2 protein chains.
Amino acid sequence: MARGSTRPTSRDVAQVAGVSQAAVSLVLGDKWRGRVSETTAERVREAARDLGYRPNLAARNLRLGRTRTVLLVVPALTTEFFAGVYTGAARVAAEHGFGVVLYPSPEGIGPARDPFASAQAALDGVIASSMAADALTAIRGDQLPLVMLDSDPEGSLGAATVNLDIADGVRQVAEHLLALGHRRFLHLAADIPSWTFEVRARELAARVGSVAGTSVRTTRAPISIEGALTAAGAALSAPGPRPTALVCDDDKLAAGAYKAARRLGLRIPEDVSITGLDDLALATALDPELTTVRLDAELFGEHGMRALLAVLDGRVPEEGDIPVELVVRGSTAPPSGP
Amino acid sequence: MARGSTRPTSRDVAQVAGVSQAAVSLVLGDKWRGRVSETTAERVREAARDLGYRPNLAARNLRLGRTRTVLLVVPALTTEFFAGVYTGAARVAAEHGFGVVLYPSPEGIGPARDPFASAQAALDGVIASSMAADALTAIRGDQLPLVMLDSDPEGSLGAATVNLDIADGVRQVAEHLLALGHRRFLHLAADIPSWTFEVRARELAARVGSVAGTSVRTTRAPISIEGALTAAGAALSAPGPRPTALVCDDDKLAAGAYKAARRLGLRIPEDVSITGLDDLALATALDPELTTVRLDAELFGEHGMRALLAVLDGRVPEEGDIPVELVVRGSTAPPSGP
DNA sequence: CGATGGAAGTTATACGTAAAACGTGAGGGT
DNA sequence: ACCCTCACGTTTTACGTATAACTTCCATCG
C-alpha cells in the first residue's frame, strides 16, 4: 500500500502487481513486446488503473533529457489571431505527444525579463513571432532549436522561418483597388518595427508605383481601434486631394479607419474604400463588411509546429509560404469623384 | 571543462568555481547567508554566468516535488476574453515565480481526451472555466488544487470559485432598458449549458418580471456572429408584436443581432435597442457603438490565480464577486412605437 | 548432450538538483 | 586546557523514471 497522501509511483504499482519497477516502466511505456508476458502486462495495467497511477513527468523529463514541450512566443494574446496560431500549433503538438507553453511578450505580461521564467517547464524548442522581437535576444542566448514566424528569411541567422505570403496578399489588395480605378492611396501602417509590416509597405509601394499617375501616402498608428481612429482622422482631413483608397495593415486598424471616416462624414465605400488584413470576426461585424486578406492563423500555427518538429528531428523543414486569400466584401468600390 | 555539446550543469559550475555542487546550489538558490563567504559566492555566480548555466527545471521539479506550474483550462482561446484571462493569470503567476500552461478544451484542440497530455509539464494546480465543463471530470480525477471560474458556488464540490458579478451586470442592463421605457424583451441566449449563462437568464427574468406589463422571450444561438444572425433574424420576424429590446448574452451575439436587424430593415436604436456583455473591441467597432457590460478579463484572471495561490498556500481564498460595469453607448434608446 | 537462444523478468544505474547531515578549523569564554 | 559556537564548506542522499546489463529458465538443435 502506498503511503496515504502522496501520489502513487511506478514502484507502488510494481508492488501491487507483484513485479519490479522496471517491468512497470516497460509495460506502461509500451516497450514490452517479447520482454514481459501478456498476462503480467495486464496485471500491471490493472494495478496502475486501480491506483490511479500517473507518471511523474518531472522524473521522466529528467531521465529522458527532453520534455516534449515547446514554447510559443507571441506579441500578445489579446488578439484572435495569435489565439488561432496557438490553437493550430497545440493541435499538431498534441498529435505528436508534445505540449505548447506560451510566452506572451513583456508588454503584455509585465516585466518578466526572462522568457523561460514564465515557462517553468523545460523546453525542447521555441516558436517565435517576429513581432515579439524584444524577447529574441534572450531566446538566442539559449541554443534551443528555433522557428520564426513571419520573419525575414535572410535576417534570422539560420533559424528556420515559416511565413504567410503577406506580399501576395498585399499584391492582391493593390490589384483589386487599381482595377476599381483608385489612384490616390493612403497606407495606414502599424507602428511596430517588424518584417511582416515592412513587407506590406514595400509590396504596396511596388505594386501601386508600377502604375502611372498613382500616389501612396503613409501614416502610422499603434494597432488598436483608438490609435487608428486618430491617425486616420488626421490623414484623411489633411490638405490636398483626399485619398480614395485606405489600405490598412490589419483589421483593427481598419475598424479605426471606419470610425474616422464616419466622423468626417465620409461614406464607405462611396467616398473612401477601406481594406484590412487578417479577417478577424471584426471584419464581418463592420458595416459595410470589410474587404480584407484572410490569414489562416491556425494553419500558420500548424506549419510552425511542423517545422519545429522537423528541426527537432534533424530534418529540413518544408519551404514555401502559406497562401493567403483576398476576400472582397462591401468596403471597396470604384472611386466616385474625379 | 564541460563535455562540449550538452548544457552545463551545476556540477560544471562547481568545478569551474572550485567548489562543491552543493555550494553552487546554495549560492544560486539564495540560501547561503552564513553558509558561504561572499567572495566564494561571487566566484560561483561568475562561473555560472560564464558558462551560461541554467538550472535543469526537470531535475529541480523532481527534487522539490512541485513545479510552480499551473494549468489554465479555457473553452477556447479564439476569443479576446479568455486571452485576457490568461494574460492576467500569467502576470500574477510570474510575480510569484509561477508559470501558466493552457488547456483549450477539446472542441478547440482536437480529440485530446486528457488535459494533461497537452501539458507535459507537471502541475501544481488548475484554474478552470466552467464553460470547459467537459474537461472537468478528467481534472477531478487527479486530486489537484482547483479553482473554478464563473461556476456555481454550490455545485463545485468544494473547489474554490472566483466569479464575475454577472448577475449585477444583467441587473444593470435590465434597469437601464426598463428606465428607457422598454417592455417587450428578447433574450438572445448562448446555447452552452453553463452556470454563467444560467445566471443571465435567471436575473433577467427576475428583474424584468418585477415590473408589470413586461414580457421576455428567449431564443438560443451558438456563440458566433453567424449563429446569432440566423437565430435573431428568426426571432425578430416572428409573428406577434416585435420586441423593442434585445438583450444578448455576449458581444458576439450582439454583433450577429446587428446584422439580423439590418437585414430586416430595422434601425438601431430607433426600432430596436441591443445590448451585449463582455465589452470586446468589437463593441466599439460596431455602428452605433454597443451598450454592453464591461468585464475585466485580466482582472478576472488575476483573481483566479491569486485564489489558486492561496489554496496552494493552505489559505482560504478571498470571497466576493468581481464588480462589472454597464457601459451605455449608442445602441440603446427609448422605444419609438407604442 | 552440450550449446544456443529466446522469453520473461530483475538488478543496477544515471539523469541534475536541493538540502539534510556531517566535518573542520579558528576564536572565545571559563 | 577544555568545550562551544560560528563560519564555511563538503559528502551524501533522495526525488521517480527509463533502460542497459544481467540472470534464470526452458525449449530446441546440431
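Keep in mind that the numbers below use all heavy atoms, side chains included, and drop hydrogens, waters and symmetry copies. Worth saying up front: this structure is predicted, and the values here are computed from it rather than measured.
Side-chain contact between A:Trp32 and A:Val24: absent, with no pair of heavy atoms (C-beta onward) separated by less than 4.5 Å. When side chains are defined from C-beta on, A:Val44 counts as touching A:Val19, because their heavy atoms get closer than 4.5 Å.
As a whole-Å value, the separation of A:Leu51 CG from D:dG16 P is 14 Å. D:dT17 atom C1' lies 13 Å from atom CG of A:Asp12, rounded to whole Å. Across the protein-nucleic acid pair, B:Arg43 atom CZ and D:dC8 atom P stand 13 Å apart, rounded to whole Å. As a whole-Å value, the separation of B:Asn61 CG from C:dC15 C1' is 14 Å. Per the geometry, CG belonging to A:Leu57 stands 9 Å off P belonging to D:dT17, to the nearest Å. Counting to the nearest Å, the C1' atom of D:dG9 and the CD atom of B:Glu42 are 18 Å from each other. Put simply, CZ on A:Arg11 is 11 Å from P on D:dA14, counting in whole angstrom units. Distance OH (A:Tyr53) to C1' (D:dG16): 7 Å, rounded to an integer number of Å.
Rounding to the nearest 0.5 angstrom, the gap separating the NE2 atom in B:His303 from the CD atom in B:Glu318 is 6.5 Å. Within the model, atoms CH2 of B:Trp195 and OG1 of B:Thr161 stand 7.5 Å from one another, a figure rounded to the nearest 0.5 Å. To the nearest 0.5 Å, atom CG of residue A:Leu28 and atom CZ of residue A:Arg45 are 8.5 Å apart. Within the model, atoms CG of B:Asn163 and CG of B:Asp150 stand 5.0 Å from one another, a figure rounded to the nearest 0.5 Å.
Taking every side-chain heavy atom of B:Asn56 into account, C:dT17 is the closest of D:dG16, C:dA21, C:dT17. Side-chain proximity of A:Gln21 to C:dA12, D:dC8, D:dG16: nearest is C:dA12. When each of C:dG9, D:dT17, D:dG9 is scored by its nearest atom to the side-chain atoms of A:Ala59, the top-ranked nucleotide is D:dT17. Closest contact between the side chain of A:Ser20 and the listed nucleotides C:dA21, C:dT11, D:dT17 involves C:dT11. In this structure, the nucleotide among C:dC15, C:dT17, D:dC8 sitting nearest to the side chain of A:Leu62 is C:dC15.
The phosphate of C:dA7 (OP1 or OP2) has no side-chain N or O of A:Ser37 nearer than 4.0 angstrom. Taking only side-chain nitrogens and oxygens, A:Thr40 never comes nearer than 4.0 Å to OP1 or OP2 of C:dA8.
Of the residues near DNA chain C, B:Pro55 and B:Arg35, the one whose nearest nucleotide (by heavy atom distance) lies more toward the 5' end is B:Pro55.
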Fill in: Strand DNA chain C in bracket notation, Watson-Crick/G-U under 3.5 Å with | for pairs to another chain
||||||||||||||||||||||||||||||
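Within 6.0 Å of CD on A:Glu38 lie more than 12 heavy atoms contributed by other residues, nucleotides or ligands.
Residue B:Leu64 is in sugar-phosphate contact alone, with no base atom involved, counting any heavy-atom pair closer than 4.0 Å across all strands shown.
Residues A:Arg49 and A:Glu42 are paired through a salt bridge, judged by an N-O separation under 4.0 Å between the basic side chain and the carboxylate.
Using modelled atom types, one side-chain atom of B:Arg43 and one backbone atom of B:Ala17 make a donor-acceptor pair closer than 3.5 Å.
Residues from residues 22-31 of chain B lying near DNA chain D, meaning a heavy-atom separation below 4.0 Å, are B:Ala22, B:Ala23 in numerical order.
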Discussion item. Is there a side-chain hydrogen bond (donor to acceptor under 3.5 Å, both in side chains) between B:Ser37 and B:Thr39? Walk through the geometry before answering.
Written reply: CA-CA 5 Å; B:Ser37 73; B:Thr39 52; 3.2 Å; yes
